[in-house]
> 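Below: one structure in structure tokens.
Both ligands and their constituent atoms are indexed starting at 1 by order of listing.
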Amino acid sequence: MSTKVAVIFHSGYGHTQVVAEQVAAGAGSVDGVEVAIVEASEITSAESTALSTLDDASAIIFGSPTYMGSASAVFKTFMEATSTRWMEQKWVDKLAAGFTNSGSMNGDKQNTLVEFMTFAMQHGMVWVGLGQMPGNNHSGGSEADTNRCGASIGCMTQANVDQGGDVAPPTSDRETASAFGARVASAAKRWG
Ligand SMILES: Cc1cc2nc3c(=O)[nH]c(=O)nc-3n(C[C@H](O)[C@H](O)[C@H](O)COP(=O)(O)O)c2cc1C
């Protein structure tokens, strides 16, 4: 039987969607893992049918752009729509992980990941971090390094605000996201 991993994301302008696709591709590259991608806008209440995709998954990966130093309003709507799942503690012991993309290199992305982690803890989930050494933090480093944002609790990517999702975020971030997806999927297989 395959291990199910769900990626739920919001993207207003396409950058975070590119990251979500990379995360999903990485997760799907792990043998025996089946990946579902859900747009957060599909889940606005406890009655939203797309919630069942998350119910069925062993691991749920949360992704949102950082807007005003926080997860986007669309993503927050999804989070609040899960409150009935929280009351039932239906997602206890599922794995959880998160990614966020913003325009600035820092951009307060940490806050978005901490929001995701807190949300996962409320649901009794088990948090999986990025698991990659920081890149671009020494004299020989460069923007081409994976994990160039130097994250650890989740996957951070940066997209220049004047470029579209065809080129931003750059290749190094896409590789970071793909490896992150593979890590979470591998962890889900081990976790069972
Ligand atoms: C309403 C709004 C708020 C934003 N707030 C931030 C922010 O706090 N930090 C930041 O670095 N970029 C911020 N940005 C820029 C976005 O994070 C950036 O353009 C990102 O790539 C958008 O992702 P998306 O294309 O998936 O929507 C903001 C953009 C918008 C539209």
> Could a heavy atom of Asn101 be found less than 4.0 Å from some atom of ligand 1?
yes

> Using heavy-atom distances only, which candidate in Met105, Lys109, Met68, Gln158 approaches atom 4 (C) of ligand 1 most closely?
Met68

> Classify the ring geometry of His10 against Tyr67: parallel below 30°, tilted from 30° to 60°, perpendicular beyond 60°.
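Taking Tyr67 first and then His10, their aromatic rings stand perpendicular (interplane angle over 60°).
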
> Should Val19 and His15 count as side-chain neighbours, where that means a heavy-atom distance under 4.5 Å?
no

> Do any nitrogen or oxygen atoms of His10 come within less than 3.5 Å of a nitrogen or oxygen of ligand 1?
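N/O-N/O distance under 3.5 Å: no.
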
> Closer than 4.0 Å to some heavy atom of Ser104 - which atoms of ligand 1 meet that?
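Contacts of ligand 1 toward Ser104, numbered from 1: 10 (C), 11 (O).
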
> Does the plane of the ring in Phe78 sit parallel, tilted or perpendicular to the ring in Phe62? Use 30° and 60° as the thresholds.
tilted

> Under 3.5 Å, N or O to N or O, is Thr66 touching ligand 1 that way?
yes

> Nearest to atom 19 (O) of ligand 1, what protein heavy atom do you find, and at what distance?
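Checking every protein heavy atom, the shortest distance to atom 19 (O) of ligand 1 gives Val161 CG1, 4.0 Å.
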
> Around atom 15 (C) of ligand 1, find the nearest protein heavy atom and jot down its residue, atom name and distance.
Gly103 N, 3.8 Å

> I want to confirm something. Looking only at heavy atoms, which of Phe9, Tyr67, Tyr13 is nearest to atom 30 (C) of ligand 1?
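Among Phe9, Tyr67, Tyr13, the closest heavy atom to atom 30 (C) of ligand 1 belongs to Tyr67.
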
> By number and element, which atoms of ligand 1 are closer than 4.0 Å to a non-hydrogen atom of Ala159?
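So the answer, numbered in order with elements, is 21 (O).
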
> When you look at Arg148 and Gln158, which way does the side chain to side chain donor-acceptor pair (under 3.5 Å) test go after all the steps?
CA-CA 9 Å; Arg148 71 190 174 111; Gln158 178 271 335; 2.8 Å; yes

> Under a 4.5 Å side-chain heavy-atom rule over Ile, Leu, Val, Met, Phe, Trp and Tyr, are Trp127 and Val114 clustered together?
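Yes: a chain of side-chain contacts under 4.5 Å links Trp127 to Val114.
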
> Can you confirm whether Thr66 sits close enough to Asn101 that some side-chain heavy atom of one is under 4.5 Å from a side-chain heavy atom of the other?
no

